[in-house]
Amino acid sequence: MRPTRTWTHRLYPGELRELSRVRRELTADLTGFDPGVADTLVLCGSELFANCVRYTASGTDHDGAVIRTLWLVGDRSLTLGFTDDGLGGTVPRIPTTRTPDEWERAEGQRGLLMVQESSTAWGYSPVCPFGDLGTHTWATFTLTTRS
């Protein structure tokens, strides 16, 4: 299905200190949407941006960057995405091979589980199929219809 509205892509330096700007600009872009949905998108967007910075060249290069995308399909769903600079050597995944004790002690890698549980769907795709040149990770959120 084609987007009915797209927001201008936003480019951020690959630094965690940009997280407050990411949140602020996403909140501004979501003005007029249900506050609960907007808060959920900001929370999940924070996680996706942080993953780009922590696990890819976006956060290690002095020129590393992250691109944010946002689009609306009809009046039914919003899709939020982040594209990193690649070279992380892995793909986004929810770890499933931990013991309960390991899950209890783990400090990281729970964010994608939160994104999965908060969104209608999430996923990723490589920017280029024949090299680790970046990954676009996205999450879709269903909008409730107003009566």
Side-chain angles (χ1 to χ4, degrees), residues 1-16 18-59 64-100 102-104 106-147:
M1 189 173 265
R2 297 185 123 189
T4 54
R5 178 177 177 195
T6 58
W7 284 256
T8 301
H9 294 2
R10 298 206 186 248
L11 179 66
Y12 300 99
E15 301 172 3
L16 284 177
E18 292 294 317
L19 199 46
S20 62
R21 183 174 145 215
V22 171
R23 291 177 181 141
R24 188 175 56 252
E25 291 180 352
L26 186 53
T27 298
D29 287 342
L30 295 171
T31 298
F33 286 92
D34 177 88
V37 171
D39 288 348
T40 300
L41 264 86
V42 170
L43 178 65
C44 291
S46 297
E47 177 61 30
L48 294 175
F49 176 82
N51 283 353
C52 290
V53 173
R54 286 187 188 128
Y55 301 118
T56 74
S58 293
V66 177
I67 299 170
R68 190 209 78 193
T69 59
L70 180 65
W71 64 92
L72 176 69
V73 176
D75 59 354
R76 298 204 171 259
S77 66
L78 277 165
T79 299
L80 173 64
F82 290 86
T83 303
D84 63 52
D85 278 344
L87 303 177
T90 61
V91 295
R93 69 177 183 83
I94 297 172
T96 57
T97 58
R98 290 185 177 166
T99 66
E102 289 171 325
W103 274 109
E104 198 60 38
E107 289 186 30
Q109 299 183 346
R110 293 184 183 180
L112 286 178
L113 186 59
M114 183 220 26
V115 171
Q116 175 181 282
E117 293 301 312
S118 300
S119 65
T120 308
W122 79 278
Y124 64 89
S125 59
V127 171
C128 178
F130 51 82
D132 189 3
L133 302 176
T135 301
H136 180 73
T137 307
W138 55 268
T140 297
F141 302 84
T142 300
L143 300 174
T144 55
T145 30
R146 297 179 184 191
S147 18

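Heavy atoms only: backbone and side chains are in, while hydrogens, waters and symmetry mates are out.
- Across all their heavy atoms, L133 and V127 have their closest contact at O-CB, 4.3 Å.
- Inter-residue side-chain proximity for F33 and L41 is flagged as unmet; no heavy-atom pair is nearer than 4.5 Å.
- Contact record, G45 with L80: CA-CD2, 3.6 Å, taken as the closest heavy-atom pair.
- In this structure, the side chain of D84 does not engage the main chain of V66 through any donor-acceptor pair within 3.5 Å.
- Side-chain contact between L78 and L70: present, with at least one pair of heavy atoms (C-beta onward) separated by less than 4.5 Å.
- Rounding to the nearest 0.5 Å gives a distance of 13.5 Å between OH of Y124 and NE2 of H136.
- In terms of heavy-atom proximity, R68 sits nearest to W7 at NH2-CB, 4.2 Å.
- Considering all non-hydrogen atoms of both residues, M114 and C44 come closest at CE-CA, 4.2 Å.
- Distance alone, capped at 3.5 Å, is enough to place a donor-acceptor pair between the T120 side chain and the T142 backbone.
- Between N51 atom CG and T56 atom OG1 the span is 9.5 Å, to the nearest 0.5 Å.
- A distance of 8.5 Å separates OG1 of T40 from CG of D34, quoted to the nearest 0.5 Å.
- For the residue pair T140 / T79, a side-chain donor-acceptor distance below 3.5 Å is found, with atom types taken as modelled.
- Counting all heavy atoms, side chain and backbone alike, R21 lies closest to P13 at NH1-CD, 3.9 Å.
- The CG atom of L48 sits 6.5 Å away from atom CG of L112, with the distance rounded to the nearest 0.5 Å.
- Atom CH2 of W138 and atom OG1 of T69 lie 11.0 Å apart (nearest 0.5 Å).
- A donor-acceptor contact shorter than 3.5 Å links the side chain of S58 to the backbone of A65.
- For the side chain to side chain donor-acceptor pair (under 3.5 Å) test, no residue two or more places apart in sequence or in another chain qualifies with S118.
- Under the 4.5 Å side-chain criterion, counting only non-hydrogen atoms from C-beta, L19 is not in contact with V53.
- Between the side chain of T4 and the backbone N or O of G74, at least one donor-acceptor pair lies under 3.5 Å.
- Summarising the geometry of F49 relative to Y12, their closest heavy-atom pair is CE1-CB, 3.8 Å, with the distance given to 0.1 Å.
- Interatomic distance, T83 OG1 to H9 NE2, rounded to the nearest 0.5 Å: 7.5 Å.
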